[in-house]
Amino acid sequence: MTDTPTPRGTDLPPAWEPAAVEPELYEGWVAAGYFTADPASEKPPFTIVLPPPNVTGSLHMGHALNHTVMDALTRRRRMQGYEVLWLPGMDHAGIATQNVVERQLAGEGLSRHDLGREKFVERVWDWKAEYGGKILDQMRRLGDGVDWSRERFTMDEGLSKAVQTVFKLLFDDGLIYRAERIINWCPRCRTALSDIEVEHSEDEGELVSIRYGDGDNAIVVATTRAETMLGDTAVAVHPDDERYRHLIGTEVVLPLTGRRIPIVADEHVDPEFGTGAVKVTPAHDPNDFEIGRRHDLPSLTIMDTSGNITAKGPFEGLDRFEARPAVVAALREEGRIVAEKRPYLHSVGHCSRCDTVVEPRLSLQWWVKVEPLARAAGDAVRDGRTQVHPPELAKRYFDWVDNMHDWTISRQLWWGHRIPVWYGPNDEVVCVGPDDEPPAGEGWFQDPDVLDTWFSSGLWPVSTLGWPTATDDLAKFYPTSVLSTGYDILFFWVARMMMFGLYAMDGKQPFDHVYLHGLIRDAQGKKMSKSRGNVIDPLDWLDRFGADATRFTLARGANPGSDMALAEEWAAGSRNFGTKLWNASKFALMNGATTAIPVPARDELTDADRWILDRVDALVSEVDTLFEGFQFAKLCDALYHFTWDLFCDWYLELAKVQIADGRVDATRAVLGHVLDTVLRLLHPVTPFITEVLWKALTGKESLVVAEWPTVSGHTPDAGAASRIEGAQRLITEIRRFRADQGVKPGQRVTARLSGVDEVGLSAHIGSVTSLARLNAPEGDFNAGASLEVALAGGSVTVELDLSGAVDVAAERKRLTKDLTVAEKELAQCEAKLGNPKFTDKAPADVVAKIQTRRDAAAAEIARVQARLAALPTG
RNA sequence: GGGCGCAUAGCUCAGCGGGAGAGCACUCGGUUUACACCCGAGCGGUCGCAGGUUCGAAUCCUGCUGCGCCCA
């Protein structure tokens, strides 16, 4: 006999209380060094760099989802024997952080200019030390298995060096240049923004039509920004537009200013739109700027950096939104307003940081010439070095990368990486590398601007590993394996990291896979937003439901590329699942489930044992396949279904019968093996509860560093599966009959089964009797009611002593329903089989299947009809 | 204006050429010595509309309607 270890279940607390144990478990993992990566390891590498959250930010559901994904991926790989590096950190979020600290200063009645640049930057560092990086602690609560020893910040010395290095390289390659163009300007942040930092929305404005010139010379233009007319330097019409042909080359007087401006012909004017004539304000509109360039028009800047009018005259000093109605009123006064449309819905750009309406502004800025970089970034995906999941989103990536405009990288801020360019007294421009001495002496000064935060976070996959130094980390862990992020920031993250990673690493892609998850929405599928009041705080869920439940909820909703709806009920459901797993494990342990006894040879096992072991095998390979395909929702469903519907609802119940029958050790071994496997498979998604249960089951150190399950290699026992499914069917039918008859679930009913041997279920009578709560007949058995259950190979008749009135009406209702279903099925099958086109053209196996279904339906009809006929009338 | 995606049970979604599925919600019954955060049984859908392809369409094609997203 095997020496059975003492059951361990009694060691477990009676209930799972995540909040009480999770922090301690987490700190234990960190202390044990499980998450610390070793570049000298012989194991194959698996690397994820965390898309750096904003230093001012705190954990929201989008993070929680993304972190769950990354943690699940890294935990599985660690269990599979990879040398895993998941590298954490934050970016310095130039505008956002500067805004936060400026607001703090404003509370003290100060501006950053009162402090001066140096003191202000010190103040930002102080702020960071005190308040920054809340999210890092929140990551611990989620259970993120990141390597804290490698935590990075984009403003760190090493990463700053990487920024300066890449700037110098790009500059020397002619891929960074300085130019005066129309850029997106935020008059509140008082800095330039890149295209993707501008969010467009359909806003209500006005469309005002203004007559320029008089008499035959008059021409009407329409605008939504009337105040910009102060900066007009031309009117443009299409060269083929008959209406205006006679005016081309002439001049009109610009109202309110008295300036004479030319009427020019430009191919890009749409004659169909409005009057077909457009006002041209080269300094305040990107299209107009292009027209101005083509026609050599002067550019008049009429606003300052805060959006106040600077044009001399009555409007000077007015904010642009005050100037707009003032200008319209003045024009109306002069009788020049031809039409006004209000409200007029049109697309307006807003600063993605502060929502202020962006002002196009002519300005001298630094740019990245993206064409060669973007082409390389596209090619890496085109030729499969980097794979996008789901692949549908690759198209969106190409659309963007292949049509990318040059990137404005200078920001008029103080917090960030200062542009490493010095200007000399004689218009010298010197780009300084990290190891160069900046030019000194009279008249030399450094560019005052800083770089876009994305310029440094685009380097993240290389700079965090030590680039430009050829470190061991870089050698071991680059290219990274997966980049995981929401599809909404595909352009921010993926494109920029791809461009810089490929450039810095001589064409070696920064990641092998890009996984794009969807956006979090509320239960109605609406976007979460503060104004809607439908935001769910992940910290609230962590408190109330625990990290595992939060993570499981998010992973279970994560279908690649599609958004997910969330509500508290979902989290409660996940918590319930955890409780179920807890109770089932506790029960198994109380009954001696163990991994210390090897699972006996197959021929010593019962049908139930072989069935559940085969299902576990199938589960392992299914979960593996789904993990490889980033199918988190499906793998969670598979685990949920197996655990609850197969393991708890059936195998545990069957195991009770087996143990009662004296099959103790084998059952303990099978219980132990199944539970062990399930806990391992669940661990990447729900690390905490599985850790506690697994330690109780195995007595080993930690599931974090346990091996990932593999399939046993046994050929599935189809016979066992079929018999178990037959027994399940029989049990369910009896339960259903009992429910129809109004028998209480707990009440034992005397029953006589016949036909059991013929369908091969003789070994399962005990299970059926137990799970259907039957008693063996003895003495005065009164078979008052009976049912017949059709199974593969025959049918089983169950006679029941209901010791009371049989509800014939309920039974008739049930049988009639069964009959209707069978008749419908028969009709459908016969219709197909009666169609010669079907029998000729459909594949033989499909035809055979329909024939089988027809025969089964016919038999079922006969059986049900016979039973209906045998029913007592009335 | 250009492009993309989605319309399947009350809700959120899976299925994407041969028997309409899951979770939650709902109904009925329940002190079944693991679990009421539970157990057992059930109800619920001409798969947005109209055409087409096919022996066969929720699944492929076209058009329409509605919703959403991205870009300009």
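In the text below, chain A, chain B and the rest are named by the order of the sequence lines, each starting its count at 1. In what follows, every heavy atom counts, from backbone to side chain, and hydrogens, waters and symmetry copies are set aside.
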- For the pair made of CZ in A:F577 and P in B:rC35, what is the distance, rounded to whole Å? 18 Å
- Query: Starting at CG of A:N287 and ending at C1' of B:rG1, how long is that distance when rounded to a whole Å?
  - Reply: 13 Å
- Give one of base, sugar-phosphate or nothing for A:C829, where a contact means two heavy atoms less than 4.0 Å apart. nothing
Can you list, pair by pair, the side-chain donor-acceptor contacts under 3.5 Å of residues 764-775 of chain A, counting residues two or more places apart and other chains?
from: A:H764; atom 1: NE2; to: A:D607; atom 2: OD2; distance (Å): 2.8
from: A:T769; atom 1: OG1; to: A:I765; atom 2: O; distance (Å): 2.6
from: A:R773; atom 1: NE; to: A:G746; atom 2: O; distance (Å): 3.2

- Message: Over all strands shown, is A:P836 touching base, sugar-phosphate only, or nothing at heavy-atom distances under 4.0 angstrom?
- Response: nothing
- Would you say the side-chain atoms of A:N66 and A:Y515 include a donor-acceptor pair closer than 3.5 Å? no
- Task: Check whether NZ of the Lys or CZ of the Arg A:R575 lies under 6.0 Å from the centre of the six-membered ring of A:W570 and within 45 degrees of that ring's axis.
- Result: no
- Query: Expressed in whole Å, how much space separates the C1' atoms belonging to B:rA9 and B:rA22?
  - Reply: 11 Å
- Query: Base, sugar-phosphate, or nothing: which does A:N559 touch, judged by heavy atoms less than 4.0 Å apart?
  - Reply: sugar-phosphate
- Task: Do nucleotides 19-31 of chain B as a string where each nucleotide becomes B, S or -: B if the base has a protein heavy atom under 4.0 Å, S if just the sugar-phosphate does, - if no protein is that close.
- Result: B---SS----BS-
- Query: For B:rU12, does either OP1 or OP2 sit under 4.0 Å from a side-chain N or O belonging to A:R521?
  - Reply: no
- Item | N/O (side chain, A:S562) to phosphate O (OP1/OP2, B:rA14) under 4.0 Å | yes
- Query: What integer number of Å spans the C1' atoms of B:rC26 and B:rU54?
  - Reply: 40 Å
- Classify the ring geometry between A:Y640 and A:W644 as parallel (under 30°), tilted (30 to 60°) or perpendicular (over 60°). tilted
- Are A:E811 and A:R814 close enough for a salt bridge, meaning some N to O gap below 4.0 Å? no
- Could you please name the partner base of B:rC67, counting Watson-Crick and G-U wobble pairs only when both distances are under 3.5 Å? B:rG5
- Comparing A:D740 with A:L652, nearest RNA chain B nucleotide closer to 5' gives the residue A:L652
- Task: Pick base, sugar-phosphate or nothing for A:N403, based on heavy-atom distances below 4.0 Å to the nucleic acid.
- Result: nothing
- Message: Counting the atoms with a prime plus P, OP1 and OP2 as sugar-phosphate, which does A:E653 contact under 4.0 Å by heavy atoms, base, sugar-phosphate, or nothing?
- Response: base
- Message: Starting the side chain at C-beta, find the nucleotide from B:rU54, B:rC13, B:rC70 nearest to A:K841.
- Response: B:rU54
- Does the cation-pi check pass for A:K656 over A:F587, that is, NZ or CZ under 6.0 Å from the six-membered ring centre and within 45° of its axis? yes
- Message: Could you tell me how far apart A:F545 (CZ) and B:rC37 (P) are, to the nearest whole angstrom?
- Response: 13 Å
- Query: Under 6.0 Å between ring centres, would you say that holds for A:W454 and A:W407?
  - Reply: no
- Provide the distance between the two C1' atoms, one in B:rA25 and one in B:rU12, to the nearest whole Å. 11 Å
- Task: Show your reasoning for whether side chain to side chain contact (heavy atoms under 4.5 Å, CB included) applies to A:F647 and A:L671.
- Result: CA-CA 9 Å; A:F647 185 59; A:L671 278 172; 4.1 Å; yes
- Item | Pairing nucleotide - B:rG42, Watson-Crick or G-U, each distance under 3.5 Å | B:rC26
- Query: Do any side-chain nitrogens or oxygens of A:K395 fall under 4.0 Å of OP1 or OP2 in B:rC70?
  - Reply: no
- Per the atom types in the model, does the base of B:rA14 pair as donor or acceptor with the side chain of A:Q631 at under 3.5 Å? no
- Would you indicate what A:T839 reaches in the nucleic acid, counting non-hydrogen atoms under 4.0 angstrom: base, sugar-phosphate, or nothing? nothing
- Task: Round to a whole Å and report the spacing from CZ of A:F737 to P of B:rA41.
- Result: 15 Å
- Which nucleotide sits closest to the side chain of A:K580: B:rC35, B:rA41, B:rC70? B:rC35
- Message: Heavy atoms only, 4.0 Å cut-off, all strands: where does A:A842 land among base, sugar-phosphate and nothing?
- Response: base
- Item | Spacing between A:D818 atom CG and B:rG42 atom P, to the nearest angstrom | 10 Å
- Should B:rU62 form a Watson-Crick or G-U wobble pair with both distances under 3.5 Å, which nucleotide is its partner? B:rA50
- With rounding to whole Å, what would you report as the distance between B:rC61 and B:rU53 at their C1' atoms? 7 Å
- Message: Checking contacts here: which listed nucleotide (B:rG3, B:rG18, B:rC55) is nearest the side-chain heavy atoms of A:V846?
- Response: B:rG18
- Message: Can you check the distance between B:rG15 and B:rG21, where both ends of the measurement are the P atom (answer in whole Å)?
- Response: 16 Å
- Could you give the distance separating B:rA14 and B:rG3 at their P atoms, to the nearest angstrom? 26 Å
- Message: Distance check needed: B:rG17 C1' versus A:D845 CG, whole Å only.
- Response: 14 Å
- How do A:D563 and A:D649 order along RNA chain B: which one's closest nucleotide is nearer the 5' end? A:D563
- Message: Can you measure A:L566 atom CG to B:rC13 atom P for me and round it to whole angstrom units?
- Response: 10 Å
- Query: Roughly how far apart, to the nearest Å, are B:rA41 and B:rC6 at atom P?
  - Reply: 37 Å
- Query: What interatomic distance, in whole Å, is found between P of B:rC64 and the corresponding atom of B:rU27?
  - Reply: 44 Å
- Between B:rU32, B:rA34, B:rC13, spot the one nearest the side chain of A:R773, thanks. B:rU32
- Which nucleotide, in any strand shown, forms a Watson-Crick or G-U wobble pair with B:rG21, with both distances under 3.5 Å? B:rC13
- Go through the N and O atoms of the side chain of A:R575 and the base of B:rC37, and report whether any donor-acceptor pair is under 3.5 Å. yes
- May I ask which nucleotide in the shown strands pairs with B:rC37, Watson-Crick or G-U wobble, both distances under 3.5 Å? none
- Query: Quick one: is B:rA34 close enough that its OP1 or OP2 comes under 4.0 Å of any side-chain N or O from A:K656?
  - Reply: yes
- Got a sec, which residues hit salt bridge (charged side-chain N to carboxylate O under 4.0 Å, His left out) with A:D637, two or more places apart in sequence or on another chain? A:R556
- Message: Using the side-chain heavy atoms of A:M590, tell me which of these nucleotides is nearest: B:rA34, B:rC69, B:rA14.
- Response: B:rA34
- Note on the structure: NZ (A:K695) and OG1 (A:T690) are apart, to the nearest 0.5 Å, by 10.5 Å
- Between CZ of A:R735 and P of B:rG40 the distance, given in whole Å, is 6 Å
- Query: Can A:E622 and A:K634 be counted as an ion pair, charged N to O under 4.0 angstrom?
  - Reply: no
